J.: 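Pasting a structure below so you can have a look.
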Amino acid sequence: MFDADAASRSLGIELVSAAEGAAEARMRVTGAMVNGHAIAHGGYVFLLADTAFALACNSHGPVTVAAGGEITFVRPAREGDLLIARATERTRYGRSGIYDVTVSREDGEVVAEFRGRSRTVNGQPG
């Protein structure tokens, strides 16, 4: 699935690890990702978290998509920061799942907390 994810790859997001119900991805904040306050635009932080979430919830095999997601920004990230998103499955029942993703800087400081809700669908990727 990640190999076909042009959006994530175009931003330089890298898959670090993936296991059943879990995933880790990382992204370096570039100058193009910084807003008028000289901090990483929240949309990019969300996209990184959403990518890790997608990797974790698709680790079971069937095509799974986001049913919803929300993010809480804890502290800013800046140009040059390496952000790491770690996704963990909290529960999965039937076709629904809940996943938590922590986005932190390389030094371990938490930047954001994301919670995603997944839904398994019929069909094949793409």
Side-chain angles (χ1 to χ4, degrees):
M1 181 200 85
F2 186 71
D3 290 341
D5 186 346
S8 296
R9 287 185 297 106
S10 72
L11 294 174
I13 294 176
E14 301 172 66
L15 171 61
V16 176
S17 65
E20 193 165 305
E24 183 175 319
R26 66 183 177 197
M27 175 185 78
R28 179 85 53 192
V29 177
T30 68
M33 298 174 182
V34 174
N35 66 21
H37 297 294
I39 60 176
H41 189 290
Y44 290 106
V45 177
F46 188 99
L47 196 146
L48 174 62
D50 186 56
T51 297
F53 160 58
L55 292 164
C57 68
N58 278 279
S59 66
H60 299 288
V63 176
T64 304
V65 297
E70 62 182 52
I71 194 163
T72 301
F73 301 106
V74 179
R75 61 178 49 88
R78 304 200 184 281
E79 183 177 352
D81 285 349
L82 179 64
L83 301 181
I84 302 161
R86 292 180 180 91
T88 305
E89 181 178 279
R90 293 297 172 219
T91 188
R92 194 167 61 102
Y93 182 77
R95 296 180 358 172
S96 299
I98 298 174
Y99 294 77
D100 287 337
V101 183
T102 298
V103 179
S104 59
R105 290 195 304 253
E106 191 173 22
D107 63 6
E109 290 287 327
V110 174
V111 171
E113 292 288 346
F114 172 100
R115 174 157 276 191
R117 296 176 309 282
S118 69
R119 186 76 170 165
T120 299
V121 297
N122 295 327
Q124 298 298 316

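On a predicted model such as this, the values are computed, not experimentally measured, just so you know.
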J.: Tell me who clusters with Ile84, hydrophobic residues only, linked when side chains sit under 4.5 Å apart either directly or through other members.
T.: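 ILVMFWY cluster around Ile84 holds nothing else.
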
J.: Considering non-hydrogen atoms only, spot the tightest contact between Ala49 and Val101 and give its length.
T.: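 The pair with the smallest heavy-atom distance is O-CG2, 3.8 Å.
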
J.: Could you tell me the separation between the CG atom of Leu48 and the CD1 atom of Ile71, rounded to the nearest 0.5 Å?
T.: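 The CD1 atom of Ile71 is 8.5 Å from CG of Leu48, to the nearest 0.5 Å.
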
J.: Could you go through residues 103-111 and list every donor-acceptor pair under 3.5 Å that involves a side-chain atom there, pairing it with any protein atom two or more places apart or in another chain?
T.:
unit_1: Ser104; atom_1: OG; unit_2: Arg86; atom_2: NH1; d: 3.4
unit_1: Arg105; atom_1: NH1; unit_2: Pro76; atom_2: O; d: 3.0
unit_1: Asp107; atom_1: OD1; unit_2: Glu109; atom_2: N; d: 2.9
unit_1: Glu109; atom_1: OE1; unit_2: Arg75; atom_2: NE; d: 3.3
unit_1: Glu109; atom_1: OE1; unit_2: Arg75; atom_2: NH1; d: 3.2
unit_1: Glu109; atom_1: OE1; unit_2: Arg75; atom_2: NH2; d: 3.4

J.: Go through the side-chain N and O atoms of Thr64 and Arg119 and say whether any donor and acceptor fall under 3.5 Å apart.
T.: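 No, no side-chain donor-acceptor pair sits under 3.5 Å.
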
J.: To the nearest 0.5 Å, what is the distance between CD1 (Ile39) and CG (Asp81)?
T.: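 It comes to 11.0 Å.
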
J.: Should side-chain heavy atoms under 4.5 Å link Ile, Leu, Val, Met, Phe, Trp and Tyr, which residues sit in the same cluster as Ile98?
T.: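 None; Ile98 is a cluster of one.
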
J.: How close do Ala52 and Ala87 get, counting heavy atoms only, and between which atoms?
T.: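 Between these two residues, the closest heavy atoms are O-CB, 3.4 Å.
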
J.: Once rounded to the nearest 0.5 Å, what's the spacing between atom OG1 of Thr102 and atom CZ of Phe114?
T.: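 With rounding to 0.5 Å, OG1 (Thr102) is 11.5 Å from CZ (Phe114).
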
J.: Enumerate the residue pairs fulfilling side-chain hydrogen bond (donor to acceptor under 3.5 Å, both in side chains) with a member in residues 41-61, sequence neighbours excluded, ordered by first and then second residue.
T.: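 For residues 41-61: Ser8-Thr51, His60-Glu89, His60-Arg92.
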
J.: What pair of heavy atoms forms the shortest contact from Tyr99 to Ser118, and how long is it?
T.: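 Looks like CE1-OG, 3.5 Å.
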
J.: For Phe53 and Ala66, which heavy atoms make the closest approach, and how far apart are they?
T.: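 Phe53 and Ala66 have their closest heavy atoms at CE2-CB, 3.6 Å.
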
J.: Same cluster or not: are Leu82 and Phe46 linked, directly or through other Ile, Leu, Val, Met, Phe, Trp or Tyr residues, by side-chain heavy atoms under 4.5 angstrom apart?
T.: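 In one cluster: no.
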
J.: So Leu55 and Met1, side-chain contact (heavy atoms from CB on, under 4.5 Å) or not? Walk me through it.
T.: CA-CA 8 Å; Leu55 292 164; Met1 181 200 85; 3.7 Å; yes

J.: Would a distance-only check, ignoring hydrogens and angles, find a side-chain to backbone donor-acceptor pair under 3.5 Å from Asn35 to His37?
T.: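 Checked: pair present.
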
J.: Kindly write out the residues that satisfy side chain to side chain donor-acceptor pair (under 3.5 Å) with Arg26, not counting sequence neighbours, or none if the list is empty.
T.: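 Listed in chain order: Glu14.
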
J.: Can you tell which of Met27, Glu79, Arg78 makes a side-chain contact (heavy atoms from CB on, under 4.5 Å) with Met33?
T.: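 Testing Met33 for a side-chain contact (heavy atoms from CB on, under 4.5 Å) against Met27, Glu79, Arg78 leaves exactly one candidate, Met27.
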
J.: What residues, two or more places apart in sequence or in another chain, satisfy side chain to side chain donor-acceptor pair (under 3.5 Å) together with Arg115?
T.: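 So Arg115 forms a side chain to side chain donor-acceptor pair (under 3.5 Å) with Asp100.
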
